[in-house]
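I have placed the structure first, in the form of structure tokens, so that the comments after it can refer back to it.
The sequence lines fix the lettering, A, B, ..., with proteins before strands; numbering per chain opens at 1.
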Amino acid sequence: MTLTLPAFPPFSLSAVVTSHGWARLSPFAMSEDGRQLSRVERLHSGQVVELVIQEADHGVKVEVSDQLSDREMAEVADKVTWMLGLDQDLSAFYAAARQESKLAQVEARAQGRIIRSPMLFEDVVKTILTTNTSWTGTIRMVEALVSQFGDPLSFDRSRRAFPTPSQLAALDVQRLRLAGRLGYRAPYVLELALAVVSGDLDLETLKTSDEPTDQLRSRLLQINGVGVYSAANLLAMLGRYEYIPVDSWARKLVSHEWHSGEPVRSVEVESAFERWGKWKGLAYWFWDWSYLAQD
DNA sequence: GGTAGACCTGGACGC
DNA sequence: GCGTCCAGGTCTACC
């Protein structure tokens with residue numbers, strides 16, 4: 001089955017897919033040029049399908065591996081719209097970016113959308129698995145969770161969906177620690193899954209919350225394993241850009257851009273982008289660091 | 001409020 | 001091949 005979804009212009013699928021490394025984390029997969037994104041997705045009904053997404057006129061075309069009901073197709077449409085931020089209007093950001101040479105390319109390249117998972121739960125787990133480890137470590141941990149605990153595609157059991165909160169909550173810490181090699185992060189992931197399953201934590205409502213960003217940030221910081229970096233990362237995925245996800249890489253970039261390579265603290269990274277106000281995180285994210293990133 | 005140390009793993013390095 | 005060191009955010013205890 002095929003679905004066509006419109007996007008608020010300007011839009012570029014490859015710009016979203018390459019916005020950060022998420023598209024390389026299972027159960028996402030991307031073509032080398034970023035022009036095709038695929039994903040194994042478990043629907044509410046329990047059916048597991050493959051979604052293959054390509055750019056189309058004014059939006060995207062989604063090929064679904066199975067025959068679905070109207071209700072299931074509507075679910076797929078909602079999920080893809082959220083994943084790719086198809087309905088996001090970034091014209092105010094582009095207006096501000098036109099005044100800055102280091103952001104001059106963003107509008108023409110339709111940059112600004114940040115790829116995200118259909119469920120915030122998955123993004124919180126993945127963000128926890130990016131902390132205090134290398135990127136290859138993150139890939140390995142996510143792959144372990146998906147391959148061992150997610151539901152398989154009916155026609156290719158080697159490919160699986162991201163495990164649901166219930167599936168992870170059913171595990172014990174030791175299993176999670178050893179099977180996924182999550183190390184000390186295992187109790188954080190288990191506690192998160194248990195909180196979601198019990199209803200103590202309703203993550204998905206945060207996606208449409210109109211609470212002030214600081215309040216949203218406080219909620220995220222209450223999750224064990226989510227600190228200031230992770231909270232800023234997750235806020236950006238929620239379309240709130242008032243904080244910068246300051247990690248060692250961000251400090252390195254800002255250090256070389258404005259401090260002659262001298263070590264900088266988080267406060268210097270934040271203050272470097274203070275003038276961007278509500279677009280602070282996006283300005284950092286899409287700043288032209290290309291000449292530094294080659295170091 | 002700021003800081004030091006522990007947490008866990010994999011990679012780099014020296015032997 | 002083995003042992004040691006280091007990098008990567010968050011949490012906790014302490015000042």
Figure out the CZ/P separation between A:Arg140 and B:dC8, and round it to whole Å. 14 Å

What is the distance, to the nearest angstrom, from the CG atom on A:Leu182 to the C1' atom on B:dC7? 13 Å

Where do A:Asn224 and A:Ile128 come nearest, in terms of heavy atoms and distance? O-CD1, 4.1 Å

Separation of atom CG in A:Leu192 from atom P in C:dC11, rounded to whole Å: 12 Å

Please work out whether the ring planes of A:Trp289 and A:Trp287 are parallel, tilted or perpendicular, with thresholds of 30° and 60°. tilted

Of all heavy-atom pairs between A:Arg113 and A:Pro10, which one has the smallest distance, and what is that distance? NH1-O, 2.9 Å

Could you check how far CZ of A:Arg181 sits from C1' of B:dC7, rounded to whole Å? 16 Å

Without swapping roles, check the side chain of A:Thr133 against the backbone of A:Thr130 for a donor-acceptor pair under 3.5 Å. no

A:Glu100: side-chain hydrogen bond (donor to acceptor under 3.5 Å, both in side chains) partners, not counting sequence neighbours: A:Arg275

Expected list for residues 224-237 of chain A near DNA chain C, using heavy atoms below 4.0 Å, is A:Asn224, A:Gly225, A:Val226, A:Gly227, A:Val228, A:Tyr229, A:Ser230

To the nearest angstrom, the CG-P distance between A:Asn132 and C:dA7 comes to 12 Å

Ring-face cation contact, A:Trp82 with A:Arg116, 6.0 Å cut, 45° max: yes

Is the shortest side-chain N/O distance from A:Ser248 to OP1 or OP2 of C:dG8 below 4.0 Å? yes

Rounded interatomic separation in angstrom, taking CG from A:Leu221 and P from C:dT10: 9 Å

Selection: residues 183-190 of chain A, any non-hydrogen atom under 4.0 Å of DNA chain B: A:Gly183, A:Tyr184

Whole angstroms only, please: what is the CH2-C1' distance between A:Trp249 and C:dG9? 17 Å

Rounding to a whole Å, what distance do you find between A:Ile223:CD1 and C:dT10:C1'? 13 Å

Here's a test for you: under ring-ring contact (aromatic ring centres under 6.0 Å, His included), which of A:Trp279, A:Tyr241, A:Trp285, A:Trp258 qualifies with A:Phe273? A:Trp258

Report, as yes or no, whether the 6.0 Å neighbourhood of atom NE2 on A:His58 holds more than 12 heavy atoms from other residues, nucleotides or ligands. no

I'd like to know if A:Glu75 and A:Arg71 make a salt bridge, using a cut-off of under 4.0 Å between side-chain N and carboxylate O. no

